[in-house]
Amino acid sequence: MLLMEALGSGLLGLALAGAAVRMLAPRLPSPATVLVSGAAGALFGAYLTHTALGPGHNTLAYTFLGAALVSAVVLSLLLRPAPHPGRPHRRAPFSIPSRG
C-alpha cells in the first residue's frame, strides 16, 4: 500500500508540474526544476499526510489530496510576477540607481 501511495503521489506531482509548465512557462524557471519540485513536493505531501493520519487509516484519497496540496504550494513558490507591458519597470525600494 505504501508503494502505491509513493508511486501515485509522485506521478500526481509530475502531472501537476507538467500542467504548470504548459500553462505558465514564461513565469516559471526551467522545466526540469519545476518537474523535480512538483514531484518532491507531492512525495513530501504524501509522507506528511500519511504521518498525520497515523496507522490504521489507509486511505489513498486523503494521501493523494495531501500530496496534491503540498505540490501545488511548492509550485506556487516558484512563480515569478507577470510582466506588465504598459507599466515601466519599478525599482526596488532603497536601491542605488546605476549609471549605465
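We number each residue from 1, following the sequence as shown. Just so it is clear, the model here is predicted, and its values are computed rather than measured.
Hydrophobic clustering, with ILVMFWY side chains joined whenever heavy atoms are under 4.5 angstrom apart, keeps Y62 apart from F64. Both M23 and L28 belong to a single network of hydrophobic side chains, linked directly or stepwise wherever heavy atoms of I, L, V, M, F, W or Y lie under 4.5 Å apart.
Under the side chain to side chain donor-acceptor pair (under 3.5 Å) criterion, the residue pairs touching residues 18-30 are S30-T33, with sequence neighbours excluded.
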Under 3.5 Å, which donor-acceptor pairs do the side chains of residues 67-83 form with other protein atoms, sequence neighbours left out?
| from | atom 1 | to | atom 2 | distance (Å) |
| --- | --- | --- | --- | --- |
| S71 | OG | G38 | O | 3.0 |
| S76 | OG | V73 | O | 2.7 |

Would you list the atom pairs, donor with acceptor, under 3.5 Å between side chains in residues 6-18 and any protein atom, with sequence neighbours excluded?
| from | atom 1 | to | atom 2 | distance (Å) |
| --- | --- | --- | --- | --- |
| S9 | OG | E5 | O | 2.8 |
| S9 | OG | A6 | O | 3.1 |

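With contacts defined as side-chain heavy-atom distances shorter than 4.5 Å, the pair L65/T49 does not qualify.
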